[in-house]
Participant: 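I'd like to ask you about the structure that follows.
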Amino acid sequence: MNKILLSLMLIGATTLRAQDPISEAVSAIVANNPELQAQRDEMNVQALELKDENSLANPSVDFTRVWGAMALATSCNLM
């Protein structure tokens, strides 16, 4: 029983060790692929363009504090 368990553990350990170089190689290929890098850069540019399109051209904020009887009342306008 112990020999079977020990052999299964050794097989499992060698299988896990054999998968690491493959996954590392695939990760290196994906990280260094020029086409994938170009697509990632294009997606980043599109995301930045979308943020730029959604921002206001000339934002301004008005704030008026009312003093006196209504000391807590305030008004704020966004244009």
Side-chain angles (χ1 to χ4, degrees):
M1 179 77 172
N2 287 339
K3 289 182 181 180
I4 295 172
L5 185 59
L6 181 61
S7 64
L8 288 175
M9 289 175 57
L10 288 174
I11 292 172
T14 57
T15 303
L16 289 175
R17 196 176 327 153
Q19 290 176 352
D20 285 339
I22 294 171
S23 64
E24 289 176 8
V26 170
S27 298
I29 290 170
V30 169
N32 296 324
N33 188 338
E35 291 179 20
L36 293 177
Q37 287 178 347
Q39 289 177 355
R40 280 191 296 263
D41 291 342
E42 185 176 344
M43 286 179 55
N44 289 337
V45 167
Q46 289 175 353
L48 291 174
E49 286 176 352
L50 184 61
K51 285 182 182 179
D52 186 45
E53 289 173 3
N54 288 334
S55 63
L56 297 174
N58 190 11
S60 64
V61 176
D62 290 336
F63 179 81
T64 305
R65 174 99 187 209
V66 179
W67 299 98
M70 298 179 62
L72 297 177
T74 59
S75 68
C76 182
N77 297 324
L78 295 176
M79 293 181 220

Participant: Enter the distance from I22:CD1 to S27:OG here, rounded to the nearest 0.5 Å.
Facilitator: 11.5 Å
Participant: Looking at CZ of R40 and CD of E42, how far apart are the two atoms once the value is rounded to the nearest 0.5 Å?
Facilitator: 13.0 Å
Participant: Hey, any chance L36 and V26 share a hydrophobic cluster, counting ILVMFWY side chains that come within less than 4.5 Å of each other, even indirectly?
Facilitator: yes
Participant: Take atom CD of Q46 as the centre, draw a 6.0 Å sphere, and report whether it contains more than 12 heavy atoms from other residues, nucleotides or ligands.
Facilitator: yes
Participant: Please check: side-chain N/O of D52 versus main-chain N/O of L48, any donor-acceptor pairing under 3.5 Å?
Facilitator: no
Participant: Does M43 reach the side chain of Q39, with side-chain heavy atoms less than 4.5 Å apart?
Facilitator: no
